[in-house]
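A short write-up of the structure that comes next.
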Amino acid sequence: MSSETKSVLYVRLPCWKIYPGGVIYVADYIHKQRPGIQQHLLDLALVEPSSRQRVLQERLTALRPDLVAFSWRNMQSFGPHPEDDALDVVMNFDHSPSWWRKLKATKDSVTIISDYVISRLRNFGYMKLVRKLLPATRIVVGGTAVSIFGKYVAEKCPTDTVVVIGEGEDAMLSIVDGFTAPAGEVYYKDGSGHITHRSRTETFDLRKLTAVDFPYVESIFPDFHSYLNEDIGVHTKRGCPFQCHFCLYNQIEGANQRYREPVEIAKEVEALSTRYGVKRIWFTDAQFCSTKRSTQHVDMVLDEFLARKIDVSWSGYLRLNHLTPEIARKMLATGMCSVDLSFTGSQEVIDNLTLGYSLDQQMDAFRMLKANGYTNQKIKLYLPLNAPGETVETLQKTGEKIKELYLMFGRENVLPFIFFIGVQPGTPVEKLLIGQGYLKPDYNPLTFNPFIIKKLLYNPKPLGRLIGRAYLEAVEALDSSSEYIGRATMDNIERELDKMEVVARGGEVLASSAPA
Ligand code: B12
Ligand code: SF4
């Protein structure tokens with residue numbers, strides 16, 4: 001089929017600086033399939049906020065592209081963990097004993113919410129600018145934020161816009177080919193504003209995703225160089241068959257795990273390392289290894305790394321269900337620098353959240369890592385603290401297991417990440433909380449209402465207060481050169497739980513010594 005599009009301008013919408021891997025895979029694929037199309041990539045995350053509108057306007061007038069394709073990564077970006085300011089604000093507002101801090105949190109929340117509101121409105125503003133300057137140009141919008149909130153984006157975007165849900169390569173190819181035979185999942189808002197939806201009927205074969213042609217990427221995206229000292233995202237597979245209660249990665253990527261060719265992945269990383277001096281890779285899969293098949297795929301990928309003597313360090317989300325001593329050795333030998341995984345020390349919580357693994361097996365896997373070449377890699381535990389079903393006992397068990405890990409790997413190498421559940425649309429936990437009356441059935445996940453946003457960082461009473469105060473006390477006392485916030489918080493939680501136990505035991509003693 002002949003291509004009807006001659007030029008595409010990709011615009012990565014602003015977010016915190018992070019390598020724009022998704023849109024790069026799309027542009028690289030389009031180039032390989034339709035090499036005649038001129039492509040450019042403008043990354044607004046790298047442009048000063050005050051200059052973004054002007055820079056976009058200049059590019060649009062200079063290039064006058066047939067298609068402007070936006071990539072939107074984060075829309076609802078509050079992270080329920082200490083690396084996101086939103087957590088401090090919520091904690092101080094809800095749990096600080098100091099009125100001054102509560103007041104400051106209120107003021108800070110106004111700033112955070114206004115940034116949130118403004119960034120969303122601005123993004124739609126950039127699309128409207130395209131429509132105003134280039135009325136005949138078709139607009140495309142894709143990216144993870146759109147994959148979750150696609151219908152909403154379709155309602156707010158200008159006319160003649162294709163909104164691509166989920167992976168974008170085949171959908172974009174059908175769009176550059178004239179959009180007469182659409183592919184992938186898309187919403188289309190036509191010239192009169194009428195919206196239609198197409199569900200995905202085909203499967204994109206990930207073996208078609210050959211190693212990225214980075215010299216080409218450099219040619220369309222000179223700012224590519226500004227990411228080389230950071231983590232570069234590399235995709236090895238798509239999809240996740242698990243159904244953890246809080247997660248929607250399985251919805252974004254689908255349940256079916258599909259794989260890229262190990263040789264192509266290794267070539268991609270080798271090029272990043274040898275040609276561009278990249279030192280760190282983040283495997284951006286929903287899970288780098290999880291199922292038995294995916295662990296076999298990891299094994300093949302790591303074999304390719306070893307054969308090519310690729311010198312990088314890497315991380316990614318891991319589950320250790322199918323770890324073997326051999327794979328553990330290969331992981332460490334190929335440069336795994338941290339183990340990033342969901343962790344709770346209670347099988348009850350694991351089962352409640354349907355995480356689908358056994359705690360004993362996970363602890364055995366840690367021991368296996370330790371015995372097979374572990375030196376000082378970080379063990380990052382994403383703790384779903386105070387998730388539905390958490391009790392004093394389960395929290396105590398988590399504390400105990402973390403202490404076992406301190407003993408195994410050295411306290412300084414274990415980073416318990418205070419990570420509450422962020423309630424996300426369409427997840428089982430959202431349904432549960434609506435059923436329990438915690439959220440209204442018609443609540444809006446994209447609301448600007450700070451009280452609802454606050455509720456979406458799930459940390460309810462009664463444990464919420466204990467955890468909140470433990471966290472705030474840790475923040476207050478922290479010397480970050482010698483201690484880590486998560487460890488300090490867990491210590492404080494343990495102390496408070498012990499006190500409660502003493503009080504409870506005191507109550508029992510009193511009760512047993514009371515006259516009948
Ligand atoms: C890996 C990952 C991370 C890693 C990134 C590591 C790295 N160096 O790249 C880490 C852990 C650092 C991280 C951090 C955060 N993340 Co994150 N992350 C992910 C994850 C798992 C994969 C994203 C990814 O890179 N995928 C691989 C690439 C190839 O795919 P892609 O970007 O989706 O692109 C494809 C499509 O979207 C589409 N596409 C993309 N652009 C375009 C453009 C066009 C025109 C078209 C047609 C298609 C298209 O086609 C691409 C190829 O098929 C997603 C969840 C998920 N499963 O998708 C969350 C996700 C993107 N993160 C999310 C968030 C919120 C964050 C944080 C803001 C959390 C926080 N508050 O701390 C931070 C901030 C990061 C930042 N600086 O902006 C949210 C964003 C959505 C939302 N709700 O708004 C997601 C969806 C997770 C979630 N909560 O559901 N993240
Ligand atoms: S938390 Fe991990 S394993 Fe569970 S559904 Fe999400 S991506 Fe899959």
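Note that ligands are numbered from 1 as they come in the structure, with each ligand's atoms numbered from 1 the same way.
The backbone and the side chain of Glu167 each have at least one atom closer than 4.0 Å to an atom of ligand 1 (non-hydrogen atoms only). Heavy atoms of Ile148 found under 4.0 angstrom from ligand 1 belong exclusively to the side chain. Contacts with ligand 2 closer than 4.0 Å are made by side-chain heavy atoms of Tyr249 only, the backbone lying farther away.
Heavy-atom proximity to atom 32 (O) of ligand 1, evaluated over Gly239, Gly21, Gly22, Gly168, is greatest for Gly22. With distances taken over non-hydrogen atoms, the option nearest atom 26 (N) of ligand 1 out of Val26, Thr284, Val68 is Thr284. Summarising the contacts of atom 49 (C) of ligand 1 with Ala86, Ala45, Gly143, the nearest heavy atom is found in Gly143.
Of the N or O atoms in Met75, one or more lie within a sub-3.5 Å distance of an N or O in ligand 1. Polar contact with ligand 1: present for Trp16 (N/O pair, distance under 3.5 Å). Annotation: Phe70 places no N or O atom under 3.5 Å from an N or O atom of ligand 1; distance criterion only. In terms of N/O distances under 3.5 Å, ligand 1 is not approached by Tyr10. No N or O atom of Tyr249 sits closer than 3.5 Å to an N or O atom of ligand 1. Considering backbone and side-chain atoms alike, Trp72 places every N or O at 3.5 Å or more from each N or O of ligand 1. Here's the thing with Ser147: none of its N/O atoms is less than 3.5 angstrom from an N/O atom of ligand 1. Of the N or O atoms in Tyr19, none lie within a sub-3.5 Å distance of an N or O in ligand 1. Residue Ser71 places at least one N or O, backbone or side chain, under 3.5 Å from an N or O of ligand 1.
Distance from atom 8 (Fe) of ligand 2 to its nearest protein heavy atom, with residue and atom name: Cys240 SG, 2.3 Å. In this structure, the protein non-hydrogen atom closest to atom 3 (S) of ligand 2 is Arg319 NH1, 3.5 Å. Nearest to atom 6 (Fe) of ligand 2 among the protein's heavy atoms is Cys247 SG, 2.3 Å. Looking only at heavy atoms of the protein, atom 4 (Fe) of ligand 2 is closest to Cys244 SG, 2.3 Å. Considering only non-hydrogen protein atoms, atom 2 (Fe) of ligand 2 sits nearest to Gln287 NE2, 2.5 Å.
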Given Glu230 and Tyr19, is the side-chain hydrogen bond (donor to acceptor under 3.5 Å, both in side chains) satisfied, shown in steps? CA-CA 8 Å; Glu230 299 169 16; Tyr19 177 71; over 6 Å; no

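A salt bridge is defined here as a Lys NZ or Arg NE, NH1 or NH2 lying under 4.0 Å from an Asp or Glu carboxylate O, and Lys454 with Asp94 meets this definition. Using a cutoff of 4.0 Å between basic side-chain nitrogens and carboxylate oxygens, Asp170 and Lys208 are not scored as salt-bridged. Between Glu270 and Lys267 there is no salt bridge, since no side-chain N of the basic residue sits under 4.0 Å from a carboxylate O of the acidic one. With respect to the salt-bridge test (charged N to carboxylate O, under 4.0 angstrom), the residues Lys151 and Glu155 qualify. Remark: Asp285 engages Lys237 in a salt bridge, criterion side-chain N to carboxylate O under 4.0 Å. Ion pairing of Arg238 with Glu169 is present here, as a side-chain N (NZ or NE/NH1/NH2) and a carboxylate O approach within less than 4.0 Å. Between Arg34 and Asp177 a salt bridge is recorded (basic side-chain N to carboxylate O distance below 4.0 Å).
Between Tyr259 and His297, the ring planes lie tilted relative to each other; the angle falls in the 30° to 60° range. Classified by interplanar angle (parallel below 30°, tilted 30° to 60°, perpendicular above 60°), the ring pair His225/Tyr276 is perpendicular. Ring pair Tyr187/His197 is tilted by interplanar angle, where 30° to 60° counts as tilted. In this pair, Phe305 and Phe283 present their aromatic rings tilted. The plane angle is within the 30 to 60° band.
The Val164 neighbourhood of ligand 1 comprises atoms 47 (C), with distances under 4.0 Å to a heavy atom of that residue. Atom numbering of ligand 1 starts at 1 in the shown order; those under 4.0 Å from a heavy atom of Thr144 are 33 (O), 37 (O), 58 (O), 61 (C), 86 (C). Taking a cut-off of under 4.0 Å to the non-hydrogen atoms of Leu248, the atoms of ligand 1 that pass are 90 (O). Below 4.0 Å from some heavy atom of Gly166 lie the following atoms of ligand 1, by number and element: 36 (C), 37 (O), 38 (C). Residue Gln424 has at least one heavy-atom neighbour below 4.0 Å for each of these atoms of ligand 1: 88 (C), 89 (N), 90 (O). Numbered from 1 in the order shown, with element, the atoms of ligand 1 that lie under 4.0 Å from a heavy atom of Asp231 read 8 (N). Ligand 1 places these atoms under 4.0 Å from at least one heavy atom of Tyr25: 29 (C). Residue-ligand proximity, Glu169 to ligand 1, at heavy-atom distances under 4.0 Å covers atoms 52 (C), 53 (O).
Judged by the shortest distance from any of its heavy atoms, Arg238 lies inside the 4.0 Å radius around the atoms of ligand 1.
With values rounded to the nearest 0.5 angstrom, Glu167 atom CD is found 8.5 Å from Glu253 atom CD.
Shortest non-hydrogen contact noted between Asn413 and Arg487 is N-NH1, 4.5 Å. The heavy-atom pair separating Asn321 from Gly356 by the smallest distance is ND2-O, 3.6 Å. Between Gln39 and Ala27, the shortest heavy-atom distance links the atoms NE2-O, 2.9 Å.
Between Val23 and the options Leu13, Leu41, Asp43, a side chain to side chain contact (heavy atoms under 4.5 Å, CB included) holds for only Leu41.
Residue contacts to atom 2 (Fe) of ligand 2: Ser342 brings no N, O or S atom closer than 2.8 Å.
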